[in-house]
There are 2 protein chains.
Amino acid sequence: MARISVGTVDRVIHNRSGVSKKSRKRVEDILKKLDYQPNIYASALASNKKYAFACLLPQHLDGEYWTAVEAGINEAVKTYSDFNASVSFSFYDPYDYHSFLEMGDKLLNDGPVGIILAPTTPEYSKPFINRLIEKAIPYIYIDSLLKELPPLAFFGQNPGQSGYFAARIMMMMARENKEIAIFRMIHQGIVGSNQQENRELGFRQYMKEHHPDCKIWELDLHSNQPDTNNRTLDNFFKQHPLLSDCITFNSKVYIMGKYLRTHKMDNFHLIGYDLLKQNVDCLKDGSVSFLIAQQPELQGYNAIKALCDHLIFKKEINRINYMPIDLLTKETIDYYHNK
Amino acid sequence: MARISVGTVDRVIHNRSGVSKKSRKRVEDILKKLDYQPNIYASALASNKKYAFACLLPQHLDGEYWTAVEAGINEAVKTYSDFNASVSFSFYDPYDYHSFLEMGDKLLNDGPVGIILAPTTPEYSKPFINRLIEKAIPYIYIDSLLKELPPLAFFGQNPGQSGYFAARIMMMMARENKEIAIFRMIHQGIVGSNQQENRELGFRQYMKEHHPDCKIWELDLHSNQPDTNNRTLDNFFKQHPLLSDCITFNSKVYIMGKYLRTHKMDNFHLIGYDLLKQNVDCLKDGSVSFLIAQQPELQGYNAIKALCDHLIFKKEINRINYMPIDLLTKETIDYYHNK
DNA sequence: CGTATCTTTGTGGTCGCACACGATATTATA
DNA sequence: TATAATATCGTGTGCGACCACAAAGATACG
C-alpha cells in the first residue's frame with residue numbers, strides 16, 4: 001500500500017533508523033488507518049529469543065505459603081514456554097539478612113533478563129536492587145512492596161486494609177465480648193515478615209475506630225517449639241477464661257486450630273491467613289472460622305505474565321497490583337479457585 | 001531421528017492415514033521420549049483457520065448483570081484474536097420462551113463453530129440444544145446448568161450453596177433477632193431465572209438447620225413499578241417494626257438500598273448479589289452490608305477460553321466449573337478484581 | 001564527471017508448523 | 001513379467017513476522 005517493501009515497513013514498525021521521513025510518514029499513516037496489530041505469536045516465532053527469568057524467594061518447607069507462589073510461577077512459565085520463557089529459583093534465609101544479598105549476587109551470574117523477588121527489609125534489599133537498576137534488569141516484587149525502590153510491578157495484598165477488614169469480621173463474631181487476642185509467630189526474636197506487622201496495624205486501627213473499649217491481649221508463640229507453645233497457651237487461657245475470639249496474622253493459624261481441637265474448646269472463634277492445607281483442614285472441621293486469602297498462585301502467575309507482557313509483548317503493565325482480600329469459610333472453600 | 005521426512009512425522013502427529021505401522025510406531029516412540037509438545041502458536045499460524053463463535057444471552061439494559069458477562073467474552077475474543085477467533089451476540093427475551101428458540105434458530109444461519117448460551121428452562125432449551133448436538137456444534141452454558149443436557153462446559157455459581165452461605169453471614173449479623181425478610185423481584189408474575197429460586201432454597205436449608213425458630217417474612221417487588229414498590233415497602237415495615245435483616249437473591253438489591261437510605265433506616269442489614277455499579281454504591285455508602293459476587297466477567301472469559309482450548313488447542317477441559325462464592329464489603333470492594 | 005560516503009530500500013532466509021501434491025515403494029492382478 | 005492399484009513417503013509453499021545483508025539511490029567532494 002505504501003509502495004515500498006516489507007523491509008521498510010518492518011523498520012518503521014520497530015522504530016529502527018534508515019527510513020526516509022516521507023516513507024516513514026506514509027507507512028505510519030497506513031498502519032494507523034488499518035489499526036494494525038502485529039501477530040504476537042508470529043512475532044515470537046520469528047524473533048526466537050530466549051527469556052530466562054530468575055526468582056528469589058524466602059526458604060520454605062513444602063506446603064508453606066511460598067509453595068503456592070512457586071506453583072503459580074511454574075504454571076505461568078509453562079503457558080509461556082512457547083515464547084521461550086524459563087525460570088530458575090533461588091532461596092534466601094528470611095532470618096539472615098546477608099543470605100538475601102548472597103543469593104541475589106549468585107543469581108545474577110546466569111544473566112537473567114527479568115527478576116521476581118520477595119524483598120526483605122529496605123536496607124538490605126537496596127544494594128541488590130541498585131545492581132538490578134545498573135544492569136537495567138526489570139524486577140517485580142511479590143508479597144511486599146518497597147515504595148522507595150519502585151519495581152516494574154508489584155503483586156500482593158494491602159496488609160493494612162486486610163487487617164482492618166479482619167477486625168470487622170472478628171467483631172461481628174465477637175458480639176458483646178469485650179476482650180480478644182492476637183497470636184504472633186516469631187523465630188529467634190525476629191518476625192521475619194513486614195506483612196504480619198502491617199496487618200496488625202490495620203487491625204488495631206479498626207479497633208480504635210469502632211471498639212476502643214475492647215481489650216486486646218497479645219501472645220507470642222515460637223515457630224519451632226511446640227511444647228513450650230502448648231504450655232504458654234495453657235497458661236494464657238487459664239488467665240483469660242472468658243476469651244473466645246482470636247486472630248493470627250501469619251499463615252500458621254493451624255497451630256492454634258489444633259490446640260483448640262485437642263482441648264475441645266468448641267465455642268472459640270479463630271481467624272487466620274492463607275490457605276495452607278492444614279489451615280483448610282481446620283476451616284473444614286470448624287476450629288477456624290474464617291481464613292483470609294490472597295491468591296498467592298495468582299501473584300506468582302501474574303509476576304511472570306508481567307515480565308512477558310513487558311519484555312515480549314511490549315505491553316503497558318500496571319505497577320501496583322493489590323490482590324483481592326478473599327474471605328473463606330467452611331461453606332465457600334470448596335468453590336474457591338487458586339488461579 | 002526416525003529416518004523419515006517431516007511429512008510423515010506430521011501425519012503421525014495428526015493421526016492421519018498413509019503411514020506404515022512401523023514408521024508410525026517409531027515416530028510415536030520418539031515423540032514420547034522427547035515429550036514433544038507442538039508449538040501451538042506456530043500451529044495456529046500455519047493452519048490459518050477461522051473460528052466464529054456465537055453467544056445467546058438474555059436481553060438486558062446496559063449496566064445490568066449480563067453486561068459483565070459480555071465484557072468478559074469480548075475480552076477473551078480479543079486475547080484470542082490472533083487465532084482468528086470472533087464472536088457474535090444474540091439476545092432473547094427471558095420472559096418470552098419462544099424468543100429463545102427464535103433467536104437460537106437465527107444464530108445458526110451464520111454457521112458458528114461453537115456456542116455460548118445462558119439457557120432458559122429445560123423444556124424450551126431442549127429443541128435448540130438438540131439441533132446443536134445434531135450439527136455437532138459444541139456448546140457452553142453460562143450462569144445456569146441443565147444437567148440433563150450436558151454441555152462441553154459450564155461456568156456459574158452453585159446457587160444453593162451461595163444461598164446457604166448467605167444465610168450464615170446474615171445470621172452472624174442478625175444476632176439474637178428472631179425475624180428476617182426475603183425480598184423477591186418479579187416481572188409480570190414470572191421470576192425469569194432459576195438462580196434466584198435455587199439461592200433461596202439453599203438459604204432456607206441453612207435456616208432450617210441452624211435457626212428453625214427464626215421467622216422468615218417474604219415480599220414480592222415488581223421490577224418496573226417503583227411507586228407501587230415504595231407503598232408496598234412502607235406497609236411492610238409498618239407491620240414489622242422490629243425487622244432489621246433482609247436479603248434479596250436477585251441482582252437489584254440497590255432498590256432496597258436506596259429505599260433504606262431515603263428513609264434513614266440506618267441500623268438495617270442488607271445482603272444482595274452481584275456487583276452492579278448501583279449495588280456497589282450502596283455497599284460503599286453503607287446501605288448494603290454485603291454483596292455476594294460470582295465473577296461474571298470471568299465466566300464469559302472462561303467460556304471463550306474453553307471453546308478455544310477445545311477447538312484450537314485440543315486440550316481437555318473441565319465440564320463443571322463452579323465459580324467462587326465471593327463475599328464483598330465496603331472494606332474489600334476496592335481490591336476486588338473483575339477478571 | 002568519477003568516486004567515495006551515507007541514506008534509503010529490497011531480498012531472502014528463518015522460526016515451527018500445516019497441508020497439498022507429486023514421487024516412490026509395495027502389493028495385487030492379469 | 002508387465003501393468004495397475006494402493007500404500008507410503010518427501011518436497012515445497014505459505015502463515016506473519018524478524019533481521020542480516022546486499023543493492024540502489026542520493027549527496028558531497030575533488
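Throughout, protein chains are lettered first and strands after them, A, B, ... in sequence-line order, and every chain is numbered starting at 1.
Taking atom CD1 on A/Ile312 and atom P on D/dC18, their separation rounds to 13 Å, with Å as the unit. One can place NZ of B/Lys22 at 14 Å from P of C/dA25, the figure rounded to the nearest angstrom. Rounded to an integer number of Å, the gap from OH of A/Tyr41 to P of D/dC18 is 15 Å. The nearest whole Å value for the distance from the CD1 atom in A/Ile4 to the C1' atom in C/dT8 is 11 Å. Taking atom CZ of B/Arg3 as the reference point, atom C1' of D/dT8 lies 16 Å away to the nearest angstrom. Between the CG atom of B/Asn15 and the P atom of C/dC19 there is a distance of 13 Å, given to the nearest Å. Across the protein-nucleic acid pair, B/Leu45 atom CG and D/dG14 atom P stand 15 Å apart, rounded to whole Å. Put simply, CG on A/Asp10 is 17 Å from P on C/dG13, counting in whole angstrom units.
Between B/Phe100 and B/Tyr92, a ring centre-to-centre spacing shorter than 6.0 Å is recorded. Outside the 6.0 Å centre-distance limit, the rings of A/His60 and A/Tyr65 are not counted as a close aromatic pair.
Under the 3.5 Å distance criterion, the side-chain polar atoms of A/His14 are matched with a main-chain donor or acceptor of A/Asp10.
In terms of heavy-atom proximity, A/Ser144 sits nearest to A/Pro119 at O-CG, 3.3 Å.
Inter-axis angle, ends of the helix from C/dC1-D/dG30 to C/dA30-D/dT1, five pairs per end, rounded to 10 degrees: 60°.
Residues B/Ser20 and B/Ala46 each lie close to DNA chain D; by heavy-atom proximity, the contact nearer the 5' end of the strand is made by B/Ser20. Taking the nucleotide of DNA chain D with the nearest heavy atom to each of A/Lys49 and B/Thr8, the more 5' of the two is matched to B/Thr8.
Residue B/Ser23 is classed as a sugar-phosphate contact, given heavy-atom separations below 4.0 Å to backbone atoms only. Residue A/Asn48 is classed as a sugar-phosphate contact, given heavy-atom separations below 4.0 Å to backbone atoms only. Counting any heavy atom pair closer than 4.0 Å across all strands shown, A/Asn39 reaches sugar-phosphate atoms only and no base atom.
Using modelled atom types, one finds no donor on one side chain facing an acceptor on the other under 3.5 Å when comparing A/Asp143 with A/Gln299. Between the side chains of B/Gln295 and B/Asp326, at least one donor N or O lies within less than 3.5 Å of an accepting N or O.
OP1 or OP2 of C/dC17 lies within a sub-4.0 Å distance of a side-chain N or O belonging to B/Tyr36. At the phosphate of C/dT11, neither OP1 nor OP2 sits under 4.0 Å from any side-chain N or O atom of A/Ser5. Residue A/Ser47 places no side-chain N or O under 4.0 Å from the OP1 or OP2 atom of D/dC19. Residue A/Arg11 has no polar side-chain atom (N or O) positioned under 4.0 Å from OP1 or OP2 of C/dT9.
The line from CD1 of A/Ile142 to CD1 of A/Ile73 is 5.0 Å long, rounded to the nearest 0.5 Å. Residue A/Tyr322 holds its OH atom at 11.5 Å from NE2 of B/His337, rounded to the nearest 0.5 Å.
Between A/Phe313 and A/Tyr80, the ring planes are tilted. Angles from 30° to 60° get that label. Between B/Tyr139 and B/Tyr141, the ring planes are tilted. Angles from 30° to 60° get that label.
Closest approach to the B/Pro38 side chain among D/dC9, D/dT11, C/dC17 is made by C/dC17 (side chain taken as heavy atoms from C-beta onward).
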* Go along nucleotides 23-28 of chain D 5' to 3' and tag each nucleotide: B for a protein heavy atom under 4.0 Å from its base, S when only backbone or sugar atoms are that close, - otherwise. => ------

